[in-house]
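It should be emphasised that the depicted structure is a prediction, and the values quoted were computed from it without experimental measurement. All ligand and atom numbering here is 1-based and tracks the order in the structure.
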Amino acid sequence: MSTADIDIAGCRYVVLSGGVGGAKLAQGLSLCRPAEELLVVGNIGDDFEHWGLHISPDLDTLMYTLAGVANPELGWGRAAETWHVLEAVSELGGETWFRLGDRDLAVHIERSMRLKTGAPLSLVTVALCRAFGVSLLILPPTDDRVRTIVETPGGPLDFQTYFVRDRCEPVITGLRYEGASEAALLPAVITVLEDPELKAVILCPSNPFLSLDPILATADLRSRLQRCKVPVVAVSPMIGSRAFKGPTTKIMAELGYEASTLSIARYYADILDGYVIDGADHHVSRQIEDLDIRVEVTATLMETLDQKLNLAADVVAFSETMQR
Ligand code: FO1
């Protein structure tokens, strides 16, 4: 199979997603739209090499969530996990700050072996998803290497070192998406974005800086979205000033942004036509509309399958009410 054989026929929605929050919305979308209508483009800025293996945390979170095998307690990795290899590595004095479970490890081994034989990440991802019975298409934005680098007063850190090993403790003075501007957008993504049948681009409730920006920075996808002919709709990752998960609030403050639904709307004002916000943020609707962005107020918490489905259905219905 070559990248030209990736089946994009029938794609109507391009969904940009990071890990946990994005995976939940993607799951909701998969419950209200046929799988062939959805192309999920996942963040690869978090990818790294560990134990000699290529790890793609966000692609895996999407794949595991959609396959129904995600670990709900950890928010990453697989359910019903065991840790025998990690324990054995620890006994050898090896690195254990990044916890790879036994079942999860199988995916990293298989991915790394296929990459080593020269297969591109997109095709490896398609093959892994197929093996897990995931019918909707999950792709990286590019087959080239993109890495999120966190600038700190102590020097640059790769994303997982900052996020997991150092528990997001260093102050962020800047973020870089190494390789993003030189990367080539996947031909399948370009084709779908230019397809006259495309209905909308959806930005999942993911961290704007850590999860969505590495995708948007890839081959300047952001300016492609400014020009694209279909509505671009985002779901806010915040409820009031509370981020769904992770260090969004701390990072936004360190980068000089107020951690709020409104400030994220401002940040994406150049690409957004619509913004889905939680009822807790209804008081900023007017200010968002002043940015020339239409607002849908709904319940954005996604703890149950019903909540995921309802939010996804709202997002789709909202996108159908607008045009560019
Ligand atoms: N996050 C942690 O906080 N600690 C871990 O030990 C850890 C291991 C891990 C293994 C595989 C994987 O796919 C993800 C893993 N994550 C872990 C989560 C992950 O690094 C981040 O949550 C994402 O990169 C942020 O989206």
Side-chain angles (χ1 to χ4, degrees), residues 16-27 40-67 69-87 89-90 94-112 115 121 124-125 128-129 132 134 138 140-141 146-150 157-170 172 175 177-178 203-216 237 243-252 302:
L16 308 189
S17 173
V20 182
K24 287 179 179 176
L25 186 66
Q27 192 180 20
V40 181
V41 179
N43 169 38
I44 56 165
D46 299 11
D47 285 23
F48 79 135
E49 285 71 38
H50 190 66
W51 292 359
L53 301 171
H54 181 114
I55 323 282
S56 295
D58 284 0
L59 295 180
D60 286 349
T61 296
L62 282 163
M63 179 173 75
Y64 292 158
T65 303
L66 287 155
V69 300
N71 188 318
E73 286 89 38
L74 291 174
W76 45 267
R78 288 176 68 171
E81 190 57 283
T82 56
W83 306 92
H84 300 298
V85 175
L86 189 80
E87 281 155 22
V89 169
S90 171
E95 280 198 15
T96 54
W97 58 268
F98 195 79
R99 297 169 57 209
L100 294 177
D102 300 328
R103 286 170 183 272
D104 189 31
L105 198 50
V107 169
H108 310 311
I109 291 171
E110 195 54 34
R111 173 188 294 116
S112 305
L115 289 173
L121 183 61
V124 176
T125 307
L128 289 171
C129 283
F132 273 92
V134 173
I138 300 171
V146 175
R147 293 288 181 274
T148 299
I149 305 293
V150 183
L157 296 173
D158 74 77
F159 178 77
Q160 297 299 343
T161 303
Y162 161 79
F163 195 84
V164 177
R165 194 198 70 183
D166 295 352
R167 293 183 221 91
C168 306
E169 283 164 12
I172 296 192
L175 284 166
Y177 311 108
E178 202 174 78
L203 271 57
C204 285
S206 300
N207 185 306
F209 303 102
L210 300 184
S211 302
L212 296 181
D213 272 2
I215 306 175
L216 293 170
F244 288 165
K245 188 181 173 294
T248 304
T249 307
K250 173 181 181 286
I251 290 164
M252 286 189 70
M302 290 186 285

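Between F48 and H50, the ring planes are parallel. Angles under 30° get that label, and only those over 60° would be called perpendicular.
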Residues K250, E169; criterion salt bridge (Lys or Arg N to Asp or Glu O under 4.0 Å); working and verdict: CA-CA 9 Å; K250 173 181 181 286; E169 283 164 12; over 6 Å; no
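Ligand-side atoms of ligand 1 in range of W97: 6 (O), range being under 4.0 angstrom from any heavy atom. Listed by number with element, the atoms of ligand 1 under 4.0 Å from a non-hydrogen atom of F163 are 21 (C), 22 (O). Numbered from 1 in the order shown, with element, the atoms of ligand 1 that lie under 4.0 Å from a heavy atom of L100 read 10 (C), 11 (C). For ligand 1, the atoms sitting less than 4.0 Å from at least one non-hydrogen atom of D46 are 23 (C), 24 (O), 25 (C), 26 (O), numbered in the order shown with element in parentheses.
Considering backbone and side-chain N/O of S56, none are found under 3.5 Å from N/O of ligand 1. Distances between N or O atoms of W76 and those of ligand 1 include at least one value under 3.5 Å.
Counting heavy atoms from C-beta outward, L175 and L210 have side chains that approach closer than 4.5 Å. Using a 4.5 Å heavy-atom cutoff, the side chains of Y64 and D104 are in contact.
Although no hydrogens or angles enter the test, the distance criterion places a donor-acceptor pair under 3.5 Å between the side chain of N71 and the main chain of R78. In this structure a side-chain-to-backbone donor-acceptor pair under 3.5 Å is missing from W76 to D58.
With a heavy-atom cut-off of 4.0 Å, D58 touches ligand 1 through its side chain alone. With a 4.0 Å cut-off on non-hydrogen atoms, D104 touches ligand 1 through its side chain and not its backbone.
In this comparison of R165, M63, E81, R99, the heavy atom closest to atom 6 (O) of ligand 1 sits on R99. The option with the heavy atom closest to atom 15 (C) of ligand 1, from among F48, F98, Y64, F159, is F98.
A donor atom on one side chain and an acceptor atom on the other are found under 3.5 Å apart for E95 and W97.
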